[in-house]
Amino acid sequence: MKKLLQIDKDGRWNLDGIEFAIEERVGNPENFIGRVAELEYLYSWADNIKQLISRSVAFLGRRKIGKSLMLERLYNIIYSEHKGIIPFYYEFTEGIRSGKNFFEDFTCRFYLQVIGYYTGDITWNRRGVDQKIRVDFSTLQAQVEPLNIPHKVKILSDLDECMYMMKRDDAPYEYIIAATAAPRSFATTPGVKERIVQMIDEFQYLNMYIDAGVEDKPCKAYMSTAEMKVAPLLITGSLMGVVSEELMRWLPQRFFEFIVPKMNDRESIAMISNYGKLYGHGITPEIAEYIAYTTNHVPGRIVELLTPKFGKTLISTVEEADQALEYEVDRGAIKHDWDEYLSLAMDAVNDVNMRKITFFLCQHEGQWFYPRDIKQALSIELDDQTLRKELALLYKYDIVEKTGGRYGGVFDRTLKKVLMKQYGDIFNLPVEEFDAYFRNDSMLDYLQERMKHLELGLAEAEELRQTLSVLRGEHNNLKGHDYERQVLLSLIKAIIDGEGGLTDGIKVTDFSYILNYNLTSGEEIDIVLEGGQSVIMAECKNYAPEYLHKITEKMVGKFADKAHRLHKDRFSGKKLRLVFFSKHGFEEKLKPTFERHDMAFR
């Protein structure tokens, strides 16, 4: 049997030969795009189980990063190749369940999938993973009786023993030990040549919801099982901090931890283009890149942003992408998902402090802070011990990142947007100009991400980073002038993207800007952006449509006059480019005036 993990084109996978033994949550399998490096790793890991050299892996990442989908695709490939590895998938769910009930459910679902592998009939596998279908030992035993499959005697014998155990009243933890041992027990049976790959989804719910009686950490049942090379585990956890802590404390050295990264540029842009077409958006390559950067290449966030909903705009411009994002963080799936994470931490952490710390770290994405630095920056009135406990809990519940005793913001920028939209009063965000502030923040995220991909020397990159950091600081200080800042961001974006036009010839490593430039006469120019050979001077008006008549020939003339005076005094050796921005347009009669002054207007 040939290898079925084959990439096709545009990040799409070749599906020839793959039988979808279990339904994939992506829906149409053709819409699974990218994740090449991650699936190649998992495929090689699973293939090495045949040589008994693969150790158990913890595949960790926040929700919407795509963990479960990768497991489902790996399952279907392993099942279809039929190379002596039996795939077993089990998903822990929310809701309290007794140890005895878990024992019957887990063990039955394991054997249903074993039977599906041996018979080649995927209806067994579908029943084995469908949580809506109730399973029990006696029914399964009756269904196995008429089958002609390998190791039927062993399976029936195991089911007999299971039914006998269900009649007893053993300690709850004993049932959990018996359940988790079932795959290993089958794989080590004399005569059984197949190996097992155990794919256990949402592992954190084992300790949270399975009642093991006096033993409050049922994950300990995997202490020896996780080391068995005949049936290694591939577990996932969407509460990374929780799972990592529990593995370290209760299952030390049993798992290799793999932190699932965000998608790369090419894959995420291909995914955005695909879903954009499916949902009827008018997404250009530039808009796809903008969406990829503002969502940090997180696949679930991309799908949520693009999914049509009542009252949510279709996307054909960058502005509409911002509107769709604002919808999602205000009342959509992105808001509800982050609310769950926040609520887990809120039970133990001061509500206001939690949000202030998290927002501060999100604002300073890419930077790392010791607790004392955070305390000083936010003027938090907490003793050091309490602050460290709160930060540890925020990290445990995946609200912040941590490295070497320092803390930073999560790589998913949608958390910052949820905090901005839901708790603006805590952060003193502007009320009247919030929409402009929200869009400016997204554009700054985009520009900082674009900067990372420019081919620049270290000194040049640092200079550009400092320019954007200053602009971020001005934005965060909330000094008003939101429309001027929005215009400035669009000019800097044009420079970084090399769009030409008004910014033609201005190099990304050779420009500076001043907002609200003050002349010696006391007059002010909204934006002065200086390049190596030219200087842009801009006037910005944010008049409502009914007041556009206030933009007059006299106003345009006064701007041209003060701009020419400044150019003569300060920038005489550079070409002057004049531009007048009006958020809601101009009256038609002004166009000859702009042309007379050799002034662009937008």
Side-chain angles (χ1 to χ4, degrees), residues 4-43 46 59-81 87-91 93 113 122 125-126 128-132 197 199-202 234 236-238 258 260-281 283 288 291-292 295-309 315 324 328 332-334 336-337 412 414:
L4 294 181
L5 186 71
Q6 298 287 340
I7 196 70
D8 202 346
K9 59 182 180 179
D10 298 327
R12 294 178 182 272
W13 293 96
N14 187 333
L15 303 180
D16 291 346
I18 300 178
E19 185 171 10
F20 293 92
I22 62 174
E23 191 78 25
E24 295 180 352
R25 63 196 69 197
V26 72
N28 184 344
E30 292 182 354
N31 291 328
F32 185 161
I33 293 174
R35 290 301 194 183
V36 176
E38 292 85 354
L39 276 173
E40 286 286 1
Y41 168 79
L42 292 177
Y43 181 88
F59 202 54
L60 307 180
R62 289 181 187 81
R63 291 177 188 166
K64 308 302 179 180
I65 200 67
K67 306 179 300 297
S68 299
L69 181 53
M70 284 186 267
L71 261 62
E72 290 164 348
R73 178 57 57 89
L74 181 67
Y75 183 108
N76 286 327
I77 288 173
I78 292 171
Y79 177 88
S80 302
E81 288 186 347
F88 166 50
Y89 176 89
Y90 187 85
E91 181 177 9
T93 56
Q113 293 173 64
I122 66 172
N125 301 77
R126 295 286 176 96
V129 300
D130 189 345
Q131 293 287 342
K132 295 189 294 294
V197 54
M199 304 179 189
I200 310 299
D201 215 351
E202 301 294 2
L234 174 59
T236 75
S238 55
F258 182 115
V260 182
K262 56 189 178 182
M263 297 178 79
N264 64 40
D265 291 3
R266 183 181 56 81
E267 292 177 347
S268 57
I269 288 172
M271 179 181 177
I272 291 165
S273 299
N274 177 62
Y275 276 95
K277 291 176 183 175
L278 291 174
Y279 289 135
H281 299 287
I283 294 178
I291 292 172
T295 57
N296 281 80
H297 310 274
V298 177
R301 303 298 182 219
I302 290 170
V303 173
E304 287 163 347
L305 182 66
L306 297 177
T307 301
K309 294 175 184 173
I315 300 170
E328 282 297 329
I334 294 177
H336 298 311
D337 189 44
D412 186 339
T414 60

Is it true that [X] and [Y] make a salt bridge, defined as a side-chain N closer than 4.0 Å to a carboxylate O?
X: E328; Y: R301; value: no
X: R73; Y: E24; value: yes
X: R25; Y: E72; value: yes

Where [X] and [Y] come nearest, the two heavy atoms and their spacing:
X: K67; Y: G237; result: CE-O, 3.7 Å
X: S80; Y: L4; result: CB-CD1, 3.5 Å
X: I65; Y: P299; result: O-CG, 3.3 Å
X: F32; Y: V26; result: N-CG2, 3.9 Å
X: P87; Y: V197; result: CA-CG1, 3.6 Å
X: I334; Y: T414; result: CG2-CB, 3.7 Å

Assess, by modelled atom type and distance only, whether the side chains of [X] and [Y] contain a donor and an acceptor separated by less than 3.5 Å.
X: Q131; Y: Y90; result: no
X: Y75; Y: Q113; result: yes
X: E202; Y: T236; result: no
X: H297; Y: D265; result: yes

Begin from the C-alpha positions of Y79 and I18 and carry the test side-chain contact (heavy atoms from CB on, under 4.5 Å) through to its verdict. CA-CA 8 Å; Y79 177 88; I18 300 178; over 6 Å; no
Evaluate the side-chain contact (heavy atoms from CB on, under 4.5 Å) criterion for residues L39 and W13: first the C-alpha distance (whole Å), next the side-chain angles of each, then the deciding distance (0.1 Å), finally the verdict. CA-CA 11 Å; L39 276 173; W13 293 96; 3.7 Å; yes
Flag the pair Y43 / I78 as yes when at least one side-chain heavy-atom distance between them is below 4.5 Å, and no otherwise. no
When you look at L42 and F59, which way does the side-chain contact (heavy atoms from CB on, under 4.5 Å) test go after all the steps? CA-CA 10 Å; L42 292 177; F59 202 54; 3.8 Å; yes
Rounded to the nearest 0.5 Å, what separates atom [atom1] in [X] from atom [atom2] in [Y]?
X: R63; Y: S238; atom1: CZ; atom2: OG; answer: 5.0 Å
X: D16; Y: D8; atom1: CG; atom2: CG; answer: 8.0 Å
X: E267; Y: R35; atom1: CD; atom2: CZ; answer: 7.0 Å
X: I291; Y: M271; atom1: CD1; atom2: CE; answer: 11.5 Å

Before we go on, tell me: are the rings of F258 and Y41 under 6.0 Å apart, centre to centre? yes
Around K309, counting heavy atoms of other residues, nucleotides and ligands shown, do more than 12 lie under 6.0 Å from its NZ?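 More than 12 within 6.0 Å, yes.
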Hey, can you tell me if Y279 and H281 have their rings parallel, tilted or perpendicular (30° and 60° cut-offs)? perpendicular
For the backbone of [Y] and the side chain of [X], can you confirm whether one donor and one acceptor N or O come within less than 3.5 Å of each other?
X: N28; Y: N31; result: no
X: N125; Y: I22; result: no
X: D412; Y: V298; result: no
X: E38; Y: P261; result: no

Test side-chain hydrogen bond (donor to acceptor under 3.5 Å, both in side chains) applied to Y89 and D201, step by step: CA-CA 8 Å; Y89 176 89; D201 215 351; 2.6 Å; yes
Quick one: do L234 and L71 satisfy side-chain contact (heavy atoms from CB on, under 4.5 Å)? Show the steps, please. CA-CA 9 Å; L234 174 59; L71 261 62; 3.9 Å; yes
side-chain hydrogen bond (donor to acceptor under 3.5 Å, both in side chains) between R12 and N274, intermediate numbers included: CA-CA 10 Å; R12 294 178 182 272; N274 177 62; 2.5 Å; yes
